[in-house]
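Remember, predicted model here, so these are calculated numbers, not experimental data. Hydrogens, waters and symmetry mates play no part in the numbers below; they use all other heavy atoms, side chains included.
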Amino acid sequence: MQLVYDFFLRFLESPDFQPAIAKKYLNQKFLLQLLELYDSEDPRERDCLKTILHRIYGKCLSLRSYARKQIKHIFLRFVYESESFNGLAELLEILGSIINGFALPLKEEHKQNLSKVLIPLHKPGSLSRYHPQLTYCVVQYIEKEPKLARPVVMGLIKYWPKVNSGKEILFLSELEEVLDVMKPNDFSSVQEALFKQLARCVSSPHFQVAERALLFWRNEYLIGLIEENLEVILPIMFKALYQISKNHWNKSIVSLVYDVLKSFTKMNEPLFERMTASYKADVQKEQ
């Protein structure tokens, strides 16, 4: 099989290759059969197929739209039907290269692909198998068109895992990458929903989830965005952080929380003191 793939690849890479002649055989039926082979259990075969599909996409322009459509169908089938397909990471890697070549402004078809296909791909339990490639695709979209950061953040919050701590850590890592390329105006439109989710993560009984969320406060760009919107963000985060500082069993989490509280104090001490007084007053009322 390796010999067949190598021969076909040399054929595609030959300087004498003529797409106009080859299209009699390199047609939609051939491409569909090629994509089905991506379900192979052998990662070496999937790697060969990845290179072959790259070459076909680059040289056979008439097949590009069809290739994107069929890759989309594989993703949708995976999300809504089977959750079984071995070559998802390789197809996402190819899609990342395709997105990188999209002309601006992005076509509506391409934006729909982000919201209707890539965001739902965060739902399956096997996310860890293809998450780096999926994150790359999502970030590529935002770098192309920064306004897409808002629907991405809201989509991540929509599909946020409830009982899978490993998956939560993946979501937090991706969220930080998205925020790194987000514009300040777009950040302010999602900050309330975003920090409610971060407050839940910081309060997670799983210390690795809490730790990963607290590490957001070591991101200088994010710290700048928080400082600009502190009047909104501090009231959302304060209760969770204050309770952890007093009650959490893990010393490293408590230490990280103290660092976050210190940073809030430096940003706006009068606001921080008002929040502290208000929280203590609420506690006394409850007692």
Legend entry - Pairwise side-chain contact, Ser203 with Gln243, heavy-atom cut-off 4.5 Å (strictly under): no

Inset, instruction - Check Ile226 against Ile233 and note the closest heavy-atom contact, atom names and distance. - result: CA-CD1, 3.8 Å

Inset, instruction - Could you pull out all residues at least two apart from Ala213 that satisfy side chain to side chain contact (heavy atoms under 4.5 Å, CB included)? - result: Leu172, Leu198, Cys201, Val202

Legend entry - Short N-O contact, Arg44 and Asp47, less than 4.0 angstrom: no

Legend entry - Residue pair Gly101 / Lys144: nearest heavy atoms and the distance that separates them: C-NZ, 4.3 Å

Legend entry - Ile99 with Tyr136, same ILVMFWY side-chain cluster at under 4.5 Å: no

Inset, instruction - Name the orientation class of the two ring planes belonging to Phe102 and His110 (parallel below 30°, tilted from 30 to 60°, perpendicular beyond 60°). - result: parallel

Inset, instruction - Carefully, step by step, assess Leu215 and Arg212 under the rule side-chain contact (heavy atoms from CB on, under 4.5 Å). - result: CA-CA 5 Å; Leu215 289 176; Arg212 186 63 190 85; 4.0 Å; yes

Inset, instruction - Mind checking the OG-CG spacing from Ser128 to Leu134? Nearest 0.5 Å is all I need. - result: 12.0 Å

Inset, instruction - Among Gln133, Lys50, Arg46, find the residue that satisfies the side-chain hydrogen bond (donor to acceptor under 3.5 Å, both in side chains) test when tested with Glu90. - result: Arg46

Legend entry - Tyr279 side chain near Met275 side chain, heavy-atom distance below 4.5 Å: no

Solution key, residues 20-28 side-chain donor-acceptor pairs under 3.5 Å, sequence neighbours excluded:
unit_1, atom_1, unit_2, atom_2, d
Asn27, OD1, Lys29, N, 3.3
Asn27, OD1, Phe30, N, 2.9

Legend entry - Atom CZ of Arg129: over 12 foreign heavy atoms under 6.0 Å: yes

Legend entry - Note, Tyr38 side chain near Leu53 side chain (heavy atom, < 4.5 Å): yes

Legend entry - Short side-chain to backbone donor-acceptor contact, Lys196 and Gln191, under 3.5 Å: no

Inset, instruction - Would you confirm whether Ser173, through its side chain, and Ile169, through its main-chain N or O, come within 3.5 Å as a donor-acceptor pair? - result: yes

Legend entry - Heavy atoms from other residues, nucleotides or ligands near CD of Glu108 exceed 12 (cutoff 6.0 Å): yes

Inset, instruction - Side-chain contact test, heavy atoms from C-beta onward, threshold under 4.5 Å: evaluate it for Val260 versus Phe216 and give yes or no. - result: no

Atom pairs and distances, donor-acceptor, side-chain atoms in residues 146-161, under 3.5 Å, two or more places apart:
unit_1, atom_1, unit_2, atom_2, d
Arg150, NE, Ser189, OG, 3.4
Trp160, NE1, Glu168, OE1, 3.0

Inset, instruction - Enter the distance from Asp39:CG to Leu91:CG here, rounded to the nearest 0.5 Å. - result: 10.0 Å

Inset, instruction - State, yes or no, whether a side-chain contact exists between Pro235 and Phe195 at a heavy-atom distance under 4.5 Å. - result: no

Inset, instruction - Please list all pairs passing the salt bridge (Lys or Arg N to Asp or Glu O under 4.0 Å) test where one or both residues lie in residues 68-81, with sequence neighbours left out. - result: Arg68-Glu109

Legend entry - Minimum-distance pair of heavy atoms, taken over all atoms of Leu114 and Tyr141: CD1-CD1, 3.8 Å

Legend entry - Approximate separation, where rounding is to 0.5 Å, of Leu88 CG and His131 NE2: 12.5 Å

Inset, instruction - Could you give me the CA-CA distance, side-chain angles and deciding distance for Leu214 and Ile244, then say whether side-chain contact (heavy atoms from CB on, under 4.5 Å) is met? - result: CA-CA 12 Å; Leu214 288 165; Ile244 292 166; 5.9 Å; no

Legend entry - Gln112 atom CD: more than 12 heavy-atom contacts under 6.0 Å: yes

Inset, instruction - Please collect all salt bridge (Lys or Arg N to Asp or Glu O under 4.0 Å) contacts where either partner lies in residues 227-249, sequence neighbours excluded, each pair once. - result: none

Legend entry - Trp217 vs Asp259 side-chain heavy atoms within contact, under 4.5 Å: no

Legend entry - Gln70 side chain reached by His73 side chain, heavy atoms, under 4.5 Å: yes

Inset, instruction - For the residue pair Asp42 and Ser40, confirm or rule out a side-chain donor-acceptor distance under 3.5 Å. - result: no

Inset, instruction - Measure centre to centre between the rings of Phe75 and Tyr130, then say whether the value is under 6.0 Å. - result: no

Inset, instruction - Return yes if some donor-acceptor pair links the side-chain N/O of Thr265 with the main-chain N/O of Leu261 below 3.5 Å, else return no. - result: yes

Legend entry - Exercise: identify the closest heavy-atom pair between Leu121 and Leu127: O-CD1, 3.7 Å

Inset, instruction - Say whether Leu31 and Leu61 are linked into one hydrophobic cluster, either directly or through other cluster members, by side-chain heavy-atom distances under 4.5 angstrom. - result: no

Inset, instruction - Measure the shortest side-chain to side-chain distance between Lys251 and Val254 over non-hydrogen atoms and say whether it is less than 4.5 angstrom. - result: no

Inset, instruction - Any chance you could measure Gln140, atom CD, to Ser97, atom OG, to the nearest 0.5 Å? - result: 8.5 Å

Inset, instruction - In sequence, state the C-alpha distance, the side-chain angles, and the governing distance for Leu256 and Arg218, and then conclude on side-chain contact (heavy atoms from CB on, under 4.5 Å). - result: CA-CA 10 Å; Leu256 285 169; Arg218 294 192 178 174; 3.3 Å; yes

Inset, instruction - Dump the intermediate steps for side-chain contact (heavy atoms from CB on, under 4.5 Å) on Phe238 and Thr276, then the final yes or no. - result: CA-CA 8 Å; Phe238 187 85; Thr276 306; 3.5 Å; yes

Legend entry - Separation of Met182 CE from Leu194 CG (nearest 0.5 Å): 7.5 Å

Legend entry - Shortest non-hydrogen contact from Ser245 toward Tyr258: O-OH, 3.6 Å

Residues 3-16, side-chain donor-acceptor partners within the protein, below 3.5 Å, at least two apart:
unit_1, atom_1, unit_2, atom_2, d
Tyr5, OH, Glu45, OE2, 2.6
Asp6, OD1, Gln2, NE2, 3.1
Glu13, OE2, Arg55, NE, 2.8
Glu13, OE2, Arg55, NH2, 3.3
Ser14, OG, Asp16, N, 3.1

Legend entry - Nearest atoms (heavy-atom pairs only) where Ser188 meets Asn229: CB-OD1, 3.9 Å

Inset, instruction - Mind checking the CG-CG spacing from Leu234 to Leu271? Nearest 0.5 Å is all I need. - result: 5.0 Å

Legend entry - Ring centre gap for Phe264 and Phe272 strictly below 6.0 Å: no

